[in-house]
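Below: one structure, written as structure tokens.
A note on names: the letters A, B, ... follow the listed sequences, proteins ahead of strands, and every chain is numbered from 1.
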Number of protein chains: 2
Amino acid sequence: MTPAKSASIASIDPIERRPLHEAAIDRLRELIFQGELTPGSRLNERLLAQRLGISRTPLREAFKLLAAEGLVELLPNRGAIVAQLDAVRIGETLQVMGALEALIGELACRQASDASIDEVRALHFEMRAAHARRDLAAYFRHNQSIHLRLAEAAGNAILAQTYRQLNANVRRVRYMANLSAERWDAAVREHDAILDALSMRDGERLKSLLSEHLAHKTASVLAALEPAQAAA
Amino acid sequence: MTPAKSASIASIDPIERRPLHEAAIDRLRELIFQGELTPGSRLNERLLAQRLGISRTPLREAFKLLAAEGLVELLPNRGAIVAQLDAVRIGETLQVMGALEALIGELACRQASDASIDEVRALHFEMRAAHARRDLAAYFRHNQSIHLRLAEAAGNAILAQTYRQLNANVRRVRYMANLSAERWDAAVREHDAILDALSMRDGERLKSLLSEHLAHKTASVLAALEPAQAAA
DNA sequence: TTTTTGCATTTTGCATGCAAACATGACAGA
DNA sequence: TCTGTCATGTTTGCATGCAAAATGCAAAAA
């Protein structure tokens with residue numbers, strides 16, 4: 001193994017060979033996030049399988065896994081529907097995420113590598129750029145990335161995975177659409193403080209900043225959800 | 001609808017009709033907990049399906065769901081095996097459970113109904129009875145029930161579900177087998193204090209008691225795991 | 001009119017079949 | 001003796017078929 005060869009080997013990605021049910025999950029998840037599959041809409045097996053170009057078997061596996069994630073609801077003998085956005089459920093989810101963020105803040109400050117903090121910083125400035133451009137979609141994306149990276153930076157894989165899964169349920173709520181300019185600016189300032197605390201590895205401060213940030217987010221999310229509930 | 005008729009209709013339970021994949025999950029979970037399916041052992045589809053008296057299709061669905069729970073590992077194109085008990089993974093899981101227990105303690109004291117606290121109390125004394133009899137298996141069972149009931153008493157369904165799922169991974173470690181008598185007695189005293197704090201609805205104290213209790217449990221679990229890791 | 005019943009159609013849940021991937025082991029060549 | 005190749009049987013991944021359940025609707029009964 002010459003240095004040249006091992007270098008080239010290292011750069012080779014394994015040939016992708018994903019199971020169909022995983023591909024189906026990714027596609028469905030994306031469709032649900034994008035809102036192309038709306039809450040409550042029925043997921044006809046035959047039709048969807050045909051559209052995705054797969055058979056019903058891997059699609060049914062995808063349904064069941066998405067149900068475990070909370071994105072889909074299974075009605076016995078009556079198929080699957082896109083899970084409803086229930087305010088109580090989402091509120092509970094945010095509360096659990098709060099508990100996890102407390103741990104994330106603590107661990108990230110204690111254990112994150114400088115490199116991963118730098119990565120969060122980079123994302124932070126991308127987010128600020130999006131904010132400066134008033135690009136809501138890009139802001140939201142980078143904002144999500146920051147929180148997920150932070151979860152990963154804590155160095156606890158189970159923590160990151162649990163956080164990610166809960167977050168997926170909240171992410172469906174498009175709470176940013178009617179966010180006031182003031183609230184948006186305030187959120188950015190909160191993020192400045194969060195990055196600062198992380199940079200200084202001040203766990204206690206990061207913890208309380210994240211808690212406060214989440215409280216505001218919870219208010220926005222539930223506000224975006226209540227009228228929908230009332231209308232339904 | 002006469003009163004007599006609606007009363008008789010109301011008393012009728014729906015006929016139970018569970019999907020086969022769910023039944024399979026329950027059976028496999030039980031087999032994994034009981035240790036009849038040991039970590040790393042291969043799960044042959046054809047064979048297991050035959051034993052369970054079902055076809056491969058629902059069994060494969062069960063595998064994938066158990067994999068999402070962390071009890072089973074899927075090797076692409078090479079089938080499923082019972083997930084290994086990895087000390088790092090279990091340690092991370094316990095750490096996340098700690099974060100959740102903090103929230104559980106707080107919420108349970110604030111929101112639990114008196115009835116659910118009474119139920120925890122009842123389980124507590126059943127556990128003490130098992131301890132008095134030195135009945136390890138019964139003690140373990142009641143101990144598990146207490147923690148799960150406490151999680152439910154918090155009144156947050158997502159919290160309880162997340163906690164339950166993480167707990168399932170830890171529960172596989174049979175850490176009680178070589179628990180010293182002193183440690184066992186100490187654990188019972190900790191539980192006395194936990195029940196007391198819950199009864200008085202002292203959230204802060206419950207939180208710190210649960211944290212301390214979990215720290216000891218973590219030590220026991222990891223101690224039970226390390227030699228196994230070294231031997232392997 | 002309103003409710004109930006029966007029937008045709010659709011859809012799900014599960015079993016089974018088939019091709020591709022993998023495991024095993026014998027054998028040839030170094 | 002060791003390494004690599006190939007043949008063979010096994011196992012998985014997916015597609016498809018079939019029976020049971022659910023749905024929709026029209027006709028009959030209240």
Of [range], the positions that come close to DNA chain D - non-hydrogen atoms, cut-off under 4.0 Å:
{"range": "residues 44-54 of chain B", "value": "B/N44, B/E45, B/R46"}
{"range": "residues 20-30 of chain A", "value": "A/L20"}
{"range": "residues 55-74 of chain B", "value": "B/R56, B/R60"}

**OP:** Could you walk me through whether B/Q144 and B/N167 pass side-chain hydrogen bond (donor to acceptor under 3.5 Å, both in side chains), step by step?
**Re:** CA-CA 9 Å; B/Q144 286 283 317; B/N167 180 60; 2.7 Å; yes
Subject >> Between P of D/dT11 and CG of B/L43, the distance in whole Å >> reply: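 Nearest whole value for this atom pair: 13 Å.
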Subject >> Inter- and intrachain pairs under ring-ring contact (aromatic ring centres under 6.0 Å, His included), touching residues 143-167 of chain B, at least two apart >> reply: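 Of all non-adjacent pairs touching residues 143-167 of chain B, those that pass ring-ring contact (aromatic ring centres under 6.0 Å, His included) are B/H147-B/H191, B/H147-B/H213.
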**OP:** Not counting sequence neighbours, list each pair that qualifies as a ring-ring contact (aromatic ring centres under 6.0 Å, His included) and has a residue in residues 17-74 of chain B.
**Re:**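 Non-adjacent pairs meeting ring-ring contact (aromatic ring centres under 6.0 Å, His included): zero.
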Subject >> Residues in side-chain contact (heavy atoms from CB on, under 4.5 Å) contact with A/R110, at least two apart in sequence or another chain >> reply: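 A/E106, A/L107.
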Original post:
Can you name the side-chain contact (heavy atoms from CB on, under 4.5 Å) partners of A/R164, sequence neighbours left out?
Top reply: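 Partners of A/R164 by the side-chain contact (heavy atoms from CB on, under 4.5 Å) criterion, ordered by chain and then number, come out as A/L148, A/E152, A/A160, A/Q161.
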Look up atom [atom1] in [X] and atom [atom2] in [Y], then write down how far apart they are to the nearest 0.5 Å.
{"X": "B/L166", "Y": "B/L100", "atom1": "CG", "atom2": "CG", "value": "6.0 Å"}
{"X": "B/L94", "Y": "B/T218", "atom1": "CG", "atom2": "OG1", "value": "4.0 Å"}
{"X": "A/R172", "Y": "A/T38", "atom1": "CZ", "atom2": "OG1", "value": "9.0 Å"}
{"X": "B/D135", "Y": "B/R141", "atom1": "CG", "atom2": "CZ", "value": "7.0 Å"}

**OP:** Shoot me the first and last contacting nucleotide of DNA chain C against chain A, ordered 5' to 3', at under 4.0 angstrom to non-hydrogen atoms.
**Re:**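 Counting from the 5' end, contacts occupy C/dT11 to C/dC22.
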Original post:
salt bridge (Lys or Arg N to Asp or Glu O under 4.0 Å) with B/E22: which residues, sequence neighbours excluded?
Top reply: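 For B/E22, the residues satisfying salt bridge (Lys or Arg N to Asp or Glu O under 4.0 Å) (neighbours in sequence not counted) are B/R18.
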Original post:
Residues two or more places apart in sequence or in another chain: which of them pass side chain to side chain donor-acceptor pair (under 3.5 Å) with A/E92?
Top reply: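 Once residues adjacent in sequence are excluded, A/E92 has no partner under the side chain to side chain donor-acceptor pair (under 3.5 Å) criterion.
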Please table the atom pairs, donor to acceptor, closer than 3.5 Å between any side-chain atom in residues 47-55 of chain A and protein atoms at least two apart or in another chain.
| residue | atom | partner | partner atom | Å |
| --- | --- | --- | --- | --- |
| A/S55 | OG | A/T57 | N | 3.4 |

Original post:
Which pairs with one or both residues in residues 68-77 of chain A pass salt bridge (charged side-chain N to carboxylate O under 4.0 Å, His left out), sequence neighbours excluded?
Top reply: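 Applying salt bridge (charged side-chain N to carboxylate O under 4.0 Å, His left out) to every pair that reaches into residues 68-77 of chain A, excluding sequence neighbours, yields A/R29-A/E69.
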Subject >> Residue whose nearest DNA chain D nucleotide is more 5′ - A/P19 or A/R78 >> reply: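 Result of the comparison: A/P19.
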